[in-house]
Amino acid sequence: MQTSDLVDYTGRLLEVSRFRDYCPNGLQVEGRVETRTIATAVTASLAVLERAVAAGVDTLLVHHGYFWKNDPLVVTGPRKARLALLLRNELNLLAYHLPLDAHPELGNNAALARRLDLRLDGWFADQAIAAWGAPTQPLTLGEFARKVGERLARPPLVIGVERSLRRIAWCTGGAQDLLAAAVDLGVDAYLTGEASERTVHLARETGVAFLAAGHHATERYGVQALGAHLAERFGLEHLILDEENPV
C-alpha cells in the first residue's frame with residue numbers, strides 16, 4: 001500500500017489532531033513510498049533500527065520516536081547515527097505518543113488492561129491519558145503484584161500494605177506523578193511504569209498502593225496491537241521488535 005495512505009489512516013484512527021503532545025505524531029522520517037512490511041517497537045533505538053533494516057522492513061512504527069520538545073537542534077552523535085541509518089535505507093518512521101496511550105481499544109492502557117485482566121471503566125488526567133477500572137476477579141495487592149510480574153515478565157516495585165483491591169487506576173510509562181489524581185478517584189491501587197522518591201511518601205500517606213512495573217514493560221502492548229490491526233486491515237506483514245530494557 002502507499003505509505004501516505006497508511007499514515008493518513010493511522011492518524012485518523014488515533015485522532016492525533018486532538019492531542020497536545022511533546023513530539024510530532026505520525027510520519028517523523030520519510031522513507032519508501034510503498035509499505036509491505038511494518039515492524040513495531042516501543043522505542044526507535046539504534047538497535048531496533050538495525051534489526052528493522054536487516055529484516056527488510058519498509059515502515060517502523062513506535063511509541064517513542066524523535067524530535068521531542070527541548071531536544072537539541074543539532075544532528076550529532078547518536079542522533080546522527082539513527083537518522084543516517086533511516087535515511088540511507090529509506091525506512092519510514094512513524095511514531096505515536098499520547099494518542100497511542102489514550103486509544104480505547106488499541107492504546108497502551110487498554111492493551112495493558114487486557115493483559116492484566118482489568119475492566120476499563122473510565123479515563124482521567126489531562127487529555128484522558130490514564131485509565132481506571134476493576135479486576136475481573138477479586139484479588140489482593142499481593143496477588144495483583146504477582147500477576148503483574150508474571151504477565152510483564154518482571155517483578156514490580158510495590159509500595160503498600162496487603163489489602164483487597166476493588167478499584168485500580170493505571171497509566172503506562174512514566175506517569176508516577178498521576179498518583180495524586182488516582183488518589184482523588186478513590187482507588188485502592190495505582191499502577192504505572194516508573195517511580196520517583198516523592199511517590200513513595202504519597203503512597204504511604206494516602207494508603208493507596210503504588211506499583212511501578214517498568215516504563216518499557218508497560219508500554220509494549222499498545223504499539224503491538226496497533227501493528228496487528230494495521231497488518232490485518234491492509235494485508236501487511238508485521239514484525240514485533242521487542243528490545244530488552246530494564247527501565
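As the structure is a prediction and not an experimental result, all values here were calculated from the model.
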Partner residues of D8 under the side-chain hydrogen bond (donor to acceptor under 3.5 Å, both in side chains) criterion, sequence neighbours left out: none
Contact list for residues 19-30, test salt bridge (Lys or Arg N to Asp or Glu O under 4.0 Å), sequence neighbours left out: R20-D126
Side chain to side chain donor-acceptor pair (under 3.5 Å) partners of residues 199-213, not counting sequence neighbours, each pair once: E197-H201
Qualifying salt bridge (Lys or Arg N to Asp or Glu O under 4.0 Å) pairs with a residue from residues 38-60, counting only residues at least two apart or across chains: R32-D58
Side chain to side chain donor-acceptor pair (under 3.5 Å) between S45 and E243, worked out: CA-CA 9 Å; S45 67; E243 182 182 15; 2.6 Å; yes
Which residues share a side-chain contact (heavy atoms from CB on, under 4.5 Å) with N89, sequence neighbours left out: V53, L85
Aromatic plane relationship, Y190 with F210 - under 30° parallel, 30 to 60° tilted, over 60° perpendicular: tilted
Pairs involving residues 128-138, ordered by first then second residue, that meet side chain to side chain donor-acceptor pair (under 3.5 Å) (sequence neighbours left out): none
Test side-chain hydrogen bond (donor to acceptor under 3.5 Å, both in side chains) applied to T40 - qualifying residues, sequence neighbours left out: H238
Partners passing side-chain hydrogen bond (donor to acceptor under 3.5 Å, both in side chains) against Q176 (at least two apart in sequence or in another chain): S196
Within residues 23-76 or reaching into it, pairs that qualify as ring-ring contact (aromatic ring centres under 6.0 Å, His included) - sequence neighbours excluded: H63-H97, H64-H215, W68-H97
E105 atom CD: more than 12 heavy-atom contacts under 6.0 Å: no
Linked hydrophobic residues, V74 as query - side chain contacts closer than 4.5 Å: none
Would you list the atom pairs, donor with acceptor, under 3.5 Å between side chains in residues 151-160 and any protein atom, with sequence neighbours excluded?
residue : atom : partner : partner atom : Å
R151    : NH1  : R115    : O            : 2.6
R151    : NH1  : D117    : OD2          : 3.1
R151    : NH2  : D117    : OD2          : 3.1
R154    : NE   : A213    : O            : 3.2
R154    : NH1  : P246    : O            : 2.6
R154    : NH2  : P246    : O            : 3.3

Residues that E162 engages under salt bridge (charged side-chain N to carboxylate O under 4.0 Å, His left out), provided they are two or more places apart: none
